[in-house]
Amino acid sequence: MTLPALEFSDDQAEAWDRIADILGAAGIDLVEATLMPASQGIPQIFAVVGKAGSGKTMLLAELTRALNAAGVQTVSGDYEGKRRKDRRTLAVLAPTNKAASVLRNRGVAATTIHRILYTPIYDPEYEKIAEWLAGNGERPDVEGLTDAALDRAKAFYEQVKSIPGALAAAGLRGSDFILGWKRREDPLDIGFVDEASMLDERQFDDLKAIFPTLVIFGDPAQLAPVGQSGEMVFDRLPAPRKLELHRIHRQAEDNPILDLAHALSDPDLDFAGFEGLVRDAAARDDRVRWAERADAALMARSPILVWRNQTRIRLIQAFRAAYGAPPDALLPGEPLICDGIELPLKHRKRRIDLEARGLIKGAQVIYLGPGTKPGFARLHVVGTEDPQVSAASIIKIELPDEEEPFIPQAAHMGAAFLHGSAVTIHKAQGSQWNDVQVFAPDLFVAARTGRTEAGLPLWKRLAYVAITRAETRLHWVVRNRLARPEAALSTGDLVTRPSPLVLGQNGGGDDD
């Protein structure tokens, strides 16, 4: 068959052929770039697994391009056009905002699982603009919006395929054009899911209910979700429904970070031997650094990765002390991690609203300052297409040797946050940062315990996940010390979009 104009390895080519056969049975011919109506056959699930650098993301991206060239419509989480009987659809998903943003940065229109499970309900007047931007309607005449505002929306959408971002460029807020959120009832055609090692059984069941053709991409060397006994959702798939990529591709060759990750597969390598490899790599390549101290300035935007909660809490306190943060308030620029939504069941709509806009468990957030209503905070949600929100917030800062956290700010209900300058390696899965600090003393403790997970030493799984979070540079921190920052915390480095979305306790209200 004719493959895309790039060099595929043999295992990638086999995966392409296997997936092309599955898509062909569903009525999508990648070779001829033709579509047939969706069939009502048996649902198909296929998994592509492989370690870092094996080409999973490249394969996913090329399959997405081929499907788009055949006329399959990629469905995003921010707007879905009017349904047509002959439409074939694809959604590219990831479990977290950060994981989705990694794909978007590589040219793949990805969104989160939450954003595809819950779809927005648009005001009918502003839906006309969305249909026009998506190419499904004429330029509208909307009361209150000038031609210049519509031109701004069009120019924005041509650069960034985000309907909310384009409407924000026209001067609208989320509470203007999104009336609420609803659970998806209609199925889609094809789902591609990256970082499938993070999926739990409930998410997997939801995805299977929506997509009759589901292809998941995952790394078997990562950590399984908590509570699943070290097992990932693709582990139980039969051999014909799963293919492992083995080759490390040219773009990953001569990469000392990936070299270290793959060295962990040596059963004879112990922790001391691995640290020797790290020291050798740092001596010959600036992409690996042997660090005597943790860097507080790096912790402000990419958390230091640890194994133990007690280590995480002590590093957070050291970070706040280094920046002179007051004990009773947050400084603008402090990082947070969303710890879920604290709302009663009767406020399910409000929960959906918050989650659909990016505040899902594990989301990385930067604190911008207090809102104008008590309990509200202005936030920058990292990795989302429209990052600035104002939300009713419950912010907790844990203290060493204290059962109850300190709460510098709390609404009666809303999004809950923990401090994000240090996170556990489990929580870091699915995310990547340019620079990543790994707290080696914690991994040494894990090695001393002798614990295993799914047949591998736990410290090796932890080390593998931690160091593969680094896109550009790995900092291997070997001492329990913190280097003081040279400058004060700031928010000037954050990329913003016009007219931020605002989230209220009543499900979309303004706090201004």
Side-chain angles (χ1 to χ4, degrees), residues 97-98 101-102 105 160 165 168 289 291 293-305 312-339 357-359 362-372 375-391 393 395-398 406-409 415 417-423 428 431-437 439 469-473 475 477 481-503 511-512:
N97 298 311
K98 198 68 171 65
S101 72
V102 169
N105 290 338
V160 182
R289 294 188 177 179
R293 296 169 182 262
D295 187 325
L298 282 179
M299 291 167 65
R301 292 297 176 266
S302 57
I304 189 168
L305 306 186
R312 177 179 63 85
I313 294 169
R314 290 193 170 95
L315 283 169
I316 288 169
Q317 292 304 314
F319 169 88
R320 302 200 77 231
Y323 277 107
D328 58 348
L330 288 173
L331 294 174
E334 287 199 65
L336 303 172
I337 297 291
C338 183
D339 195 41
R357 298 189 186 207
L359 291 176
Q364 184 185 4
V365 173
I366 307 299
Y367 178 75
L368 300 179
T372 55
F376 275 74
R378 292 184 293 112
L379 306 166
H380 179 101
V381 185
V382 177
T384 62
E385 294 177 328
D386 304 291
Q388 287 198 14
V389 302
S390 181
S393 302
I395 299 172
K396 307 173 185 177
I397 299 179
E398 297 149 296
F406 167 65
I407 302 178
Q409 176 173 321
F417 299 95
L418 301 175
H419 205 276
S421 56
V423 303
S431 295
Q432 284 189 303
W433 298 271
N434 285 333
D435 286 71
V436 166
Q437 299 182 89
F439 193 71
R469 301 310 92 202
E471 288 186 314
T472 305
R473 186 172 289 112
H475 303 253
V477 180
R481 298 288 186 272
L482 184 71
R484 291 189 175 275
E486 298 179 357
L489 274 175
S490 170
T491 60
D493 60 309
L494 302 176
V495 177
T496 60
R497 298 276 171 80
S499 187
L501 300 174
V502 180
L503 306 181
D511 78 330
D512 293 329

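Numbers for residues simply follow the sequence, beginning at 1. Source: prediction; values computed, not measured.
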Heavy atoms only: give me the nearest [X]-[Y] pair and the separation to one decimal.
| X | Y | result |
| --- | --- | --- |
| I397 | P408 | CD1-CG, 4.1 Å |
| L489 | A300 | CD2-CB, 3.7 Å |
| A377 | S393 | CB-OG, 3.6 Å |
| L368 | P332 | O-CB, 3.7 Å |
| P303 | G420 | CB-O, 3.2 Å |
| C338 | F417 | CA-CD2, 3.6 Å |

Qualifying residues under salt bridge (charged side-chain N to carboxylate O under 4.0 Å, His left out), relative to [X], sequence neighbours excluded:
| X | value |
| --- | --- |
| R473 | D286, D435 |
| D295 | none |
| R312 | E398 |

For H475, give me all partners under ring-ring contact (aromatic ring centres under 6.0 Å, His included), at least two apart in sequence or on another chain.
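In terms of ring-ring contact (aromatic ring centres under 6.0 Å, His included), with neighbours along the sequence ignored, H475 is linked to no residue.
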For this session: Please report the C-alpha distance between V365 and V389 in whole Å, then the side-chain angles of each, then the deciding distance to 0.1 Å, and finally whether the side-chain contact (heavy atoms from CB on, under 4.5 Å) criterion is met.
Result: CA-CA 10 Å; V365 173; V389 302; over 6 Å; no
Under a 4.5 Å cut-off applied to non-hydrogen side-chain atoms, are I395 and Y367 in contact?
yes
Query - L418 side chain near I316 side chain, heavy-atom distance below 4.5 Å - result: no
Please list, chain by chain and in numerical order, all residues satisfying side chain to side chain contact (heavy atoms under 4.5 Å, CB included) with [X], sequence neighbours excluded.
| X | result |
| --- | --- |
| P326 | D328, A329, L331 |
| R481 | R293, R479 |
| S431 | K98, W433 |
| I337 | Q364, V423 |

If you measure from [atom1] on [X] to [atom2] on [Y], what distance do you get to the nearest 0.5 Å?
| X | Y | atom1 | atom2 | result |
| --- | --- | --- | --- | --- |
| L330 | I366 | CG | CD1 | 11.5 Å |
| R469 | E471 | CZ | CD | 9.5 Å |
| S421 | L298 | OG | CG | 12.0 Å |

Across all chains, not counting sequence neighbours, the side chain to side chain donor-acceptor pair (under 3.5 Å) partners of S302 are none
*Dump the intermediate steps for salt bridge (charged side-chain N to carboxylate O under 4.0 Å, His left out) on R301 and D493, then the final yes or no.*
CA-CA 10 Å; R301 292 297 176 266; D493 60 309; 2.9 Å; yes
Item to check | Pairwise side-chain hydrogen bond (donor to acceptor under 3.5 Å, both in side chains) hits with a residue in residues 315-326, at least two apart | outcome: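 Checked against side-chain hydrogen bond (donor to acceptor under 3.5 Å, both in side chains) - neighbours excluded - the pairs reaching residues 315-326 are R320-E334.
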